[in-house]
Amino acid sequence: MNRATVIWGMLLIAGAAYLLVRVQSVGNGRVYVQRVEVQPQAAPPAEGEAPAAAPAGWVRYEPALRSSAGEEDIEVSIPRTVGVWLAALLTLCILSFLWGDNPFYKLAESVFVGASAGYAMVVGFWTGIVQNLFGKLFPELMRASFLPGQEGEGSLVYIVPLVLSVMMLMRLSPVGGWISRWPLAFFIGATAGIRLVSYFKSDFLLQIESSIVPLIVMTDGGLNWQESLKNITVTVGVLSCLVYFFFSVEHRGAAGVASRLGIWFLMITFGAGFGYTVMGRIALIAERLQFLFSDWLWLI
Amino acid sequence: MKRTVPLFIAAITGFVLIAADFVPYTQSWGDTAMIWFDILAAVAFILGGANLLRMHLQKISDVRPGWGYSVVTILAFLVTLVVGLGKFGVHPAEDFPNHPWSGDYIAHGGGFWWIYEYVYLPLAATMFAMLAFYIASAAYRAFRAKNTEATILLATAFIVLLGRTYAGVYLTGNLPESLAWLKLNYLTDVIMNVFNLAGNRAITIGIGLGVVALSLKVLLGVDRSYLGSDREA
Amino acid sequence: MYEFFAHLDRRWIFLLMLLAVAVPLLQGVRFPEEPSDMVRNVYAAMDESSRGSLVLMAFDYDPASQGELQPMAAAFTRHAALRGHRMIFLTLWPQGVPMLRRNIDILKTEFPDYVYGEDYVNLGYRPGAEGVIKVVVSDLKELYASDVSGTSVSQLPLTRDLKNIQQVDLLVNISAGTPGAKEWVQYAATPYRIPMVAGTTGVGAPALYPYIPQQLVGVLGAIKAAAEYEQLLIGGYPVLAENIQAQEGLKRMGPQLVAHLLMIVLIIAGNIVYFAGRRRGVTR
């Protein structure tokens, strides 16, 4: 048995013992919910028809605070409690990669990949396919089944995206996969079309316009040196960075000086970016630890 | 047929959408094209899921190393899919109690919501949170003041890291008014609003021109890489 | 000694980072925040909009970035409700649907007078990324025929007469990447001159500065800006001082400070080791 296994084993045993004691003493990880009876109203009868019987009701569970335990209608939710424990376990499985690659991490990673793809597929189906495609192609059928609240008439023009969709799925077929190039071409063409205009306007023309600023700013008849310095620095910075990006001239002489200045501006930009990235990443781990300490262990 | 038609489709779609921005008469054509685009985006999710399934089934069938994890991936995929498509544990929408399938697919308390909340969320959040540790390790091992450029980058990072927490106020908050410009939070604002603005504006302009050029190449049929090779079935 | 630090096992660094975040979190360390001009501008855009303004809350983020962005999204939601604005929620991220609900739950629990359908509507998600923006700027109902509960948007008082999102008074976007703030600027705020504010991750914030102020009123960058926004909110609406849920960003600034200091110490230590190695003739 190597040293790492011993350390892992001891850590796991200590952790399990701590959890056992804590669960016994405070019952951490439990999730409380409020029981709400839902009794839907029967739809108003049409003229000349007898009123329909009220549909059967059901129970809805709303999240409740830990502090509300013991109050009326507040109960422990078994599925959600199991969920919190599972979430904590999966969090620890991923974190275990910090020690080194291991089967727990690989297991959690595999679940993540599968669940992500399944999630995206389900959401895409109910929103894009059912609501936006079937809802427009077969409105009556959808109103009778999934989308009773949907209004409007059908439109035959939606046959085109239906056909394109089927063509796209042909990519999965062992033969005739080339037909999926047609919807792909539509997709690529549309992306290129909207990006060409938007990038040209928003990221080129307007950026140039925003850079054309007075280098000497006068306010109330006097020199506003702060604004002037800012505008001069921004203008010099943008121009020198652009010189650095321009590879059609050799970076020598004046172009060399400008491009070097451009590199310095970019270094400051990347330094700021690094600082902000660090800030972001730390916020993410803080949130995860907060989940473990608060929702699972009830330490805070 | 296999390559020429797609080129025409891409060009016509792209130019219609460009025209839609300039010619009011064609605006509705552009809108229609974008609605079709959005539907195809949903189909892309289905294609992605099916591809994942095919890839992992192949791995299992070939008994390649790590095939057991592919079984887990497929199980997680199928469970999520079945629970989500079957609306397990979802009650009808309260306004439409007579339509059992009318409930929100990700309704609070439902099966799909449970998978999201207690499986997907912790895995996704922790996966990205791990980067905090690796960025710390990289800072120790790779962030060296080897030359002027690296030193500038490092100094900027120091100022921003301090200036974006209470440390900046604590360390330099008591500086006299004449030296107020040296306050770390003020310096951070200057870095972000002046130097970062200049650098990122140049990058934005560069990327903007790049995207415009690439889009034109695609629409004019100069760039055909998205069609793949001729050998594809 | 040199050898130990030159070949330091990175797991020691991981442990230090874990402690730097965990200990202040457990201790509940907090610090006062001094809002920057950028955060003040964003706050003013929401606060100075006339009461009852129509605000589009486009929350494009997922669990992977909720640690950074949820406090921001919650602060924007509370602020809009405190100002009496009407809100339309939507997301371009499939994983963003439950994130929208987290913020709508704030309205349900803290603002019981807010009525669904009249004061706020949850439109949920539609696939298409920037393609969705391109459609909703000209015809909202073409893509969003119904809300997340399946109710037709033509039946809801708030959206009944809403043709497209050009009619909104303010566009609030929380963005974890693509599609996100950049796309909303490109396809909505810029062409239709819709006033827009954004809240983004630390990675994304610096790249949005070129759009300010002409195309974007301002941007909240990462958790620090969220904490400053919360501080401003508490100052403007003292009722929130009692609400611990409204101080998530402020709570996180304790671990943030210690971890930032650790990063600086690590960089300095790394450089000391590097220069000591150079003096010894080690080239790495």
Side-chain angles (χ1 to χ4, degrees), chain A residues 40 55 58 61 83 86-87 90-91 94 110-115 117-118 120-122 124 126 128-129 133 146 148 161 165 168 177-178 181 185-186 188-190 192-193 195-197 199-200 203-204 207 233-234 237-238 241-242 245 265-269 271-272 274-275 281-282 284-285 288, chain B residues 2 6 9-10 13-14 17-18 21 36-37 39 42-43 45 49-50 52 69 72-73 76-77 80-81 84 91 96-97 99 101-102 105 109 118-120 122-123 126 129 131-132 135 149 152-153 156-157 160-161 191 194-196 198-199 201-202 204-206 208 211-212 215 218-219 226 233:
Chain A
W58 60 85
Y61 293 98
L86 178 66
L90 291 172
T91 303
I94 297 287
S110 305
V111 172
F112 177 56
V113 173
M121 210 161 150
V122 169
W126 286 118
I129 306 292
L133 182 60
F146 305 124
S165 303
M168 201 171 199
W178 60 271
R181 285 177 184 161
F186 173 82
I188 299 284
R195 287 197 176 171
L196 193 146
V197 179
Y199 270 84
F200 194 66
D203 286 23
F204 183 70
Q207 293 307 314
T233 314
V234 170
V238 172
C241 289
L242 287 175
F245 291 147
F265 267 91
L266 287 172
M267 286 302 133
I268 298 177
T269 305
F274 175 80
R281 298 306 179 212
I282 290 166
L284 300 185
I285 191 64
R288 276 297 78 199
Chain B
K2 286 182 181 177
I9 292 174
T13 313
L17 280 159
I18 292 169
D21 271 313
W36 296 356
F37 174 95
I39 290 167
V43 178
F45 283 137
L52 179 97
Y69 294 113
V72 176
T73 302
F77 173 74
T80 311
L81 197 64
H91 296 292
F96 310 103
H99 292 76
W101 284 87
S102 62
Y105 63 95
Y118 298 119
V119 178
Y120 177 77
L123 288 170
T126 318
L131 294 170
I135 212 168
E149 285 79 15
I152 293 173
L153 194 145
T156 311
V160 173
L161 281 171
I191 286 170
V194 180
F195 294 92
N196 165 70
R201 180 163 285 160
T204 304
I205 291 171
V211 170
V212 170
S215 300
V218 167
L219 296 185
Y226 66 93

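- Note on A:Ile285, A:Ile129, A:Leu86, A:Thr233: by heavy-atom pairs under 4.5 Å with chain B, the leading option is A:Ile285.
- For B:Val194, the parts sitting under 4.5 Å from any heavy atom of chain A are the backbone and the side chain alike.
- Your options are A:Ala117, A:Gly83, A:Gly128, A:Gly275, and the one with the most heavy-atom pairs under 4.5 Å with chain B is A:Gly83.
- For the set B:Thr80, B:Val72, B:Leu161, the entry with the most heavy-atom pairs within less than 4.5 Å of chain A is B:Thr80.
- Put simply, of B:Ile135, B:Ile39, B:Asp21, B:Leu52, the one with the most heavy-atom pairs under 4.5 Å next to chain A is B:Ile39.
- Taking the centre of each ring, B:Phe37 and A:Phe186 stay at or above the 6.0 Å mark.
- Interface summary for chain B: among A:Gly124, A:Ala87, A:Cys241, the most heavy-atom pairs under 4.5 angstrom belong to A:Ala87.
- A distance of 10.5 Å separates CG of A:Leu242 from CZ of B:Arg201, quoted to the nearest 0.5 Å.
- Between B:Leu153 atom CG and A:Ile268 atom CD1 the span is 9.5 Å, to the nearest 0.5 Å.
- For the pair A:Arg288 and B:Pro122, the tightest heavy-atom approach, listed with the atom from each and the gap, is NH1-CA, 3.4 Å.
- With chain B as the partner, the residue from A:Pro161, A:Gly118, A:Ser110 showing the most heavy-atom pairs under 4.5 Å is A:Ser110.
- Highest contact tally toward chain B, considering only A:Pro148, A:Gly237, A:Gly193, is held by A:Pro148 [criterion: heavy-atom pairs under 4.5 Å].
- Counting heavy atoms from C-beta outward, A:Phe204 and B:Val212 have side chains that stay 4.5 Å or more apart.
- Closest heavy-atom contact between A:Met121 and B:Phe45: CG-O, 4.0 Å.
- The parts of A:Phe146 that come within reach of chain B are both its backbone and its side chain, each placing non-hydrogen atoms under 4.5 angstrom from that chain.
- For A:Leu266, the part lying near chain B is the side chain, with the backbone staying farther off; criterion is any non-hydrogen pair under 4.5 Å.
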Exercise for review: Go through the steps to decide whether B:Thr126 and A:Leu90 satisfy the test side-chain contact (heavy atoms from CB on, under 4.5 Å), and finish with yes or no.
Suggested key: CA-CA 9 Å; B:Thr126 318; A:Leu90 291 172; over 6 Å; no
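- Counting heavy-atom pairs closer than 4.5 Å to chain A, the top residue among B:Ile152, B:Ile191, B:Val218, B:Val119 is B:Ile152.
- Counting heavy-atom pairs closer than 4.5 Å to chain B, the top-ranked of the candidates A:Phe112, A:Trp58, A:Tyr199, A:Tyr61 is A:Trp58.
- Note that CG of B:Leu219 is 6.5 Å distant from CG of A:Leu196, once rounded to the nearest 0.5 Å.
- Residue A:Phe200 touches chain B through both its backbone and its side chain, counting heavy-atom pairs closer than 4.5 Å.
- By the 4.5 Å heavy-atom criterion applied to side chains, B:Leu123 and A:Val111 are counted as neighbours.
- Rounding to the nearest 0.5 Å gives a distance of 5.0 Å between CZ of A:Arg281 and CG of B:Leu131.
- Pairing each heavy atom of B:Val43 with each of A:Ser165, the nearest pair is CG2-OG, 3.2 Å.
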